[in-house]
Number of protein chains: 2
Amino acid sequence: MSDPVPAILAHVEAGLAASLDRLFDFLRIPSISAQPDHAGDCRRAAEWACAQLAGIGFEAGLRPTAGHPIVVAHHPGKRAGASGQGPHLLYYGHYDVQPPEPLALWTSDPFAPALVDGPRGKRIVARGAVDDKGQVMTFIEALRAWHTVAGGPPTRVSVFLEGEEECGSPSLPAFLDANRAELAADLAIVCDTSMWDFATPAITTRLRGMCYVEITLKGPNRDLHSGMYGGSALNPINALARILGQLHDADGRVQVPGFYDRVTDIPPALLRQWEALGFDEGAYLRDIGLSEPAGERQRFALERLWARPTADINGIWGGYTGAGSKTVIASEASAKLSFRLVPDQDPAEVFEGLKRFVAARAPADARIEYKLFGHSPGIAMPEEAPWLGAAQTALAAEFGRAPVLMGCGGSIPVVEAMRRQIGLDSLLVGFGLDDDQIHSPNEKFELECFRRGIRANARLLASLAALPTTRATA
Amino acid sequence: MSDPVPAILAHVEAGLAASLDRLFDFLRIPSISAQPDHAGDCRRAAEWACAQLAGIGFEAGLRPTAGHPIVVAHHPGKRAGASGQGPHLLYYGHYDVQPPEPLALWTSDPFAPALVDGPRGKRIVARGAVDDKGQVMTFIEALRAWHTVAGGPPTRVSVFLEGEEECGSPSLPAFLDANRAELAADLAIVCDTSMWDFATPAITTRLRGMCYVEITLKGPNRDLHSGMYGGSALNPINALARILGQLHDADGRVQVPGFYDRVTDIPPALLRQWEALGFDEGAYLRDIGLSEPAGERQRFALERLWARPTADINGIWGGYTGAGSKTVIASEASAKLSFRLVPDQDPAEVFEGLKRFVAARAPADARIEYKLFGHSPGIAMPEEAPWLGAAQTALAAEFGRAPVLMGCGGSIPVVEAMRRQIGLDSLLVGFGLDDDQIHSPNEKFELECFRRGIRANARLLASLAALPTTRATA
């Protein structure tokens with residue numbers, strides 16, 4: 001039969017308004033996985049996505065976990081029974097979103113999606129617009145077009161949507177272990193990354209890992225009057241600031257013992273490739289109101305962002321934080337810390353190193369408590385894999401230029417988990433932009449990125465389906 | 001006429017239950033001066049106190065300020081027109097209270113006063129039980145007994161109750177300037193301090209001053225994803241922790257430039273007197289769950305608490321502080337800092353020193369904002385004043401032992417303000433105990449301390465009334 005792609009792309013264009021309506025329905029569900037009182041909303045989001053997949057020929061269901069449910073859906077491919085004819089593709093995305101706070105900084109309700117004018121045309125503004133509901137809908141709408149025009153995807157496809165990506169995916173490892181056989185595909189396709197810029201697609205081949213820890217330092221058994229006790233009683237906020245204030249040295253290097261033991265420099269060739277991208281760190285910083293890079297000195301900007309580990313305090317609290325003044329010595333103080341890791345760093349070692357770092361600096365009377373919210377090592381993709389070539393072809397056809405092979409400073413624990421637990425490599429193709437303000441107020445997704453994302457995913461299905469049956473990662 | 005004191009003391013005993021009922025009425029009013037939404041409650045507390053004074057023969061009224069109103073009341077003394085016969089006494093107290101947070105740690109509603117059993121008999125549990133509503137009622141009830149039994153106090157008395165003591169008394173200086181003539185008495189009596197212990201009264205002759213500052217460090221123009229920006233963007237929480245983590249050196253000395261320039265050691269004789277008090281710092285720390293003193297090394301415990309300056313972070317906040325994890329780089333971070341000062345230190349100099357300390361350590365891109373919530377120098381009383389002797393006599397008579405001349409680690413800005421602005425010395429006599437948990441959950445006042453406080457104030461009025469007319473401070 002003739003190449004169905006042109007008809008499928010035409011169908012995508014004709015159905016774009018309907019695709020946008022469906023995305024808006026998805027965005028209206030406040031599926032904030034980190035906040036227990038939104039558990040019901042997370043389930044609603046999972047059920048909504050499940051219904052979408054069932055509606056385009058997938059056998060779809062919700063799988064319970066200790067936390068939020070996981071959506072799993074399967075389609076044998078349009079030639080039923082011929083599932084051996086192309087690689088089995090496993091699409092991954094997440095239906096949960098970050099908390100929207102601080103709400104005051106949003107120009108519209110984070111869960112009432114708005115289509116507003118921007119310098120690049122219309123943009124979709126909402127929490128989850130791009131991270132990750134918008135990206136999930138690029139492949140669901142592409143699968144819908146294949147279903148409508150060609151009766152189904154050109155090869156065997158499974159879809160896997162989790163609801164805890166924004167809070168460290170606590171239920172994911174056990175789920176993958178328990179469902180290894182069902183999820184063992186040839187290649188995972190993860191849609192949660194960015195393009196190089198508005199005109200240039202990208203495939204992400206490096207991801208930083210993560211170790212996220214909450215630390216609480218406890219001192220006096222109750223809050224104290226700073227006049228009656230100041231000068232004699234341990235002040236937990238003073239002590240925590242003193243410890244965390246030593247996280248970095250004057251050159252921006254993380255002082256946790258052993259932190260750099262397994263960190264290696266990237267290959268000179270890759271570094272040259274990145275240097276050739278013409279990244280303008282000045283403009284990148286001006287956009288966020290800054291002028292000087294933080295972090296390690298004497299390192300190239302993209303190297304710092306994609307291939308060097310970091311330590312950031314993501315939250316800190318203790319004592320009186322209301323209006324006016326209160327002369328109190330608090331009984332405890334807490335902070336949330338995240339370390340971005342590179343390949344070969346072991347998150348468990350980093351956590352142990354942090355404990356030693358803190359213990360060496362904590363007052364004798366301080367009691368320290370830790371909560372580990374998530375950890376995954378950084379990873380680098382095999383740049384010679386055939387599926388990578390097929391993906392480059394599909395993206396080049398859609399955008400009229402070759403995709404950039406880039407790194408990502410963020411971490412996607414599922415990519416590491418799928419490789420470690422079910423031996424699956426991941427193709428990371430996404431359509432976000434650096435200025436999408438993910439995790440911030442007024443998160444947005446360019447309408448044109450959404451459209452191009454659906455079209456690119458439609459083409460990608462054709463390119464990957466043409467790969468040999470043998471494990472695509474061979 | 002015969003000495004009215006025995007009859008007055010008998011009346012105090014007979015009316016103790018009614019005195020307690022009135023204190024409970026006062027405690028039920030949540031007059032939290034630091035929280036704007038409690039402004040109405042502050043006014044209600046002021047009106048309540050005003051009515052009490054009017055009910056015992058005082059000409060009492062509320063005076064408006066830029067903040068919460070001030071209660072001023074006058075009584076000519078029982079021999080009307082004979083106001084020249086004894087010193088004019090100005091009683092000071094405050095009707096406002098600290099915020100009750102954290103509410104979860106209270107065993108009862110902070111504004112529903114409870115009378116509960118304790119190791120020393122009944123105790124009054126409520127926010128403000130001792131600081132300062134309970135202490136204010138010790139002299140109002142003493143004045144009531146004089147009114148009922150003797151027709152009024154034995155000398156001219158004025159009462160002055162402010163409503164902003166717990167938030168730095170911002171309106172006080174202007175008020176004192178505007179009402180200098182009306183408030184110019186011979187001696188101020190300030191009831192906001194503690195006894196040495198449950199059996200031993202005390203007169204406080206040294207107070208630490210205060211400089212309370214809120215600092216906000218601003219970096220990126222919005223919250224950022226720590227994966228996308230970590231390693232390149234300034235993290236305000238990292239920066240603030242780094243700066244505040246350097247507030248003290250390894251020996252506990254404050255590192256603000258010039259901080260100790262005007263600090264002198266106390267006289268050896270006074271230090272010996274304090275050392276002779278047998279203060280058990282081990283027990284004092286065990287009571288709050290600690291074992292090792294913080295603060296300056298190589299200093300005697302009471303010296304650190306009463307005669308050495310300190311720096312404490314009273315509150316800190318920034319980034320994500322909710323449940324679970326959020327990988328964000330916040331756009332700003334804030335902290336509330338208080339410095340306890342000793343005589344001769346200049347709060348304005350300390351504030352300027354803090355600004356230099358921060359500027360020298362802040363990243364180039366950081367924008368720093370300050371709020372100054374209050375400042376007053378530390379002070380020391382003239383220990384040879386005749387009113388001091390009279391007070392010692394009255395307290396010794398009530399408690400059967402001589403009062404301790406002690407220092408106080410806290411600050412009472414009004415004492416410094418009355419001396420500087422209206423040339424008035426203050427007699428600091430109070431009936432709190434170190435374990436009253438002021439500014440903490442479950443603040444309490446021992447019923448026996450309340451009773452003894454009323455009786456001691458009744459006696460004190462007689463002793464001070466017997467002083468020569470000439471300025472008692474001469």
Side-chain angles (χ1 to χ4, degrees), chain A residues 34-35 98-99 167-168 212 220-223 225-228 230-235 237-238 241-242 244-245 288-295 301 304-305 308 310 312-329 338 340 364-365 373-374 409-411 438-440, chain B residues 34-35 98-99 167-168 212 220-223 225-228 230-235 237-238 241-242 244-245 288-295 301 304-305 308 310 312-329 338 340 364-365 373-374 409-411 438-440:
Chain A
Q35 297 176 351
Q98 282 274 323
C167 56
Y212 197 109
N221 57 17
R222 60 177 186 265
D223 287 357
H225 184 295
S226 72
M228 301 304 135
S232 185
L234 161 65
N235 180 327
I237 305 178
N238 288 11
R242 186 174 182 78
L244 298 184
I288 54 173
L290 301 175
S291 65
E292 288 199 345
R304 262 188 277 111
L305 289 168
R308 297 296 299 177
T310 64
D312 275 297
I313 306 171
N314 302 112
I316 191 164
W317 66 100
Y320 183 66
T321 60
S325 62
K326 182 177 180 181
T327 51
V328 65
I329 293 177
S338 65
R340 296 286 174 178
D365 274 343
F373 282 120
S411 74
I438 63 173
H439 293 207
S440 298
Chain B
Q35 297 177 350
Q98 282 275 321
C167 57
Y212 197 111
N221 56 17
R222 61 176 185 264
D223 288 356
H225 185 295
S226 71
M228 301 305 136
S232 185
L234 163 65
N235 179 327
I237 306 179
N238 288 11
R242 186 175 181 79
L244 298 183
I288 54 172
L290 301 175
S291 65
E292 288 197 346
R304 262 188 276 111
L305 289 168
R308 298 294 300 176
T310 64
D312 275 298
I313 305 170
N314 303 111
I316 191 164
W317 65 99
Y320 183 66
T321 61
S325 61
K326 182 178 180 181
T327 51
V328 64
I329 292 178
S338 65
R340 296 286 173 178
D365 274 343
F373 282 119
S411 75
I438 63 174
H439 294 206
S440 299

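Numbered from 1 within each chain, the chains take letters A, B, ... in sequence-line order.
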When only pairs under 4.5 Å are counted, which of B:Ala34, B:Gly231, B:Pro99 shares the most heavy-atom pairs with chain A? B:Gly231

Quick one: pull up OG in B:Ser226 and CD1 in A:Ile313 and give me the separation to the nearest 0.5 Å. 12.0 Å

Heavy atoms only: give me the nearest A:Asn221-B:Gly289 pair and the separation to one decimal. ND2-N, 3.3 Å

Check each atom of A:Thr310 against the heavy atoms of chain B and say whether the ones under 4.5 Å are side chain, backbone, both or neither. side chain

Residues passing the salt bridge (charged side-chain N to carboxylate O under 4.0 Å, His left out) test with A:Arg308, sequence neighbours excluded, are A:Asp265, A:Glu296

Side chain, backbone, both or neither of B:Ala301 within contact of chain A (heavy atoms, under 4.5 Å): neither

Among B:Gly168, B:Ala364, B:Gly230, which residue has the highest count of heavy-atom pairs closer than 4.5 Å to chain A? B:Gly230

Just verifying a value: how many Å separate B:Ile237 CD1 and A:Asp312 CG, rounded to the nearest 0.5 Å? 9.0 Å

Bottom line for B:Glu292: the part with an atom under 4.5 Å from chain A's heavy atoms is both

Value for CG (A:Leu244) from CG (B:Asn238), rounded to nearest 0.5 Å, stands at 8.5 Å

Contact winner vs chain A - B:Ser232, B:Gly409, B:Pro220, heavy-atom pairs under 4.5 Å: B:Ser232

For residues B:Leu290 and A:Leu234, report the shortest heavy-atom separation together with the two atoms involved. CD1-N, 3.6 Å

Non-hydrogen atoms of chain A under 4.5 Å away: do they reach the side chain of B:Ser291, the backbone, both or neither? both

Pairs of donor and acceptor atoms involving the side chains of residues 318-327 of chain B, under 3.5 Å and at least two apart or interchain, shall be tabulated with distances.
residue: B:Tyr320; atom: OH; partner: B:Ala323; partner atom: O; Å: 2.8
residue: B:Lys326; atom: NZ; partner: A:Glu101; partner atom: O; Å: 2.9
residue: B:Thr327; atom: OG1; partner: A:His439; partner atom: ND1; Å: 3.3

CG/B:Asp223 to CD1/A:Ile288 distance, rounded to the nearest 0.5 angstrom? 11.5 Å

A:Ser338 versus chain B, the contacting section by heavy-atom distance below 4.5 Å: side chain

Exercise: identify the closest heavy-atom pair between A:Met228 and B:Leu305: O-CD2, 3.4 Å

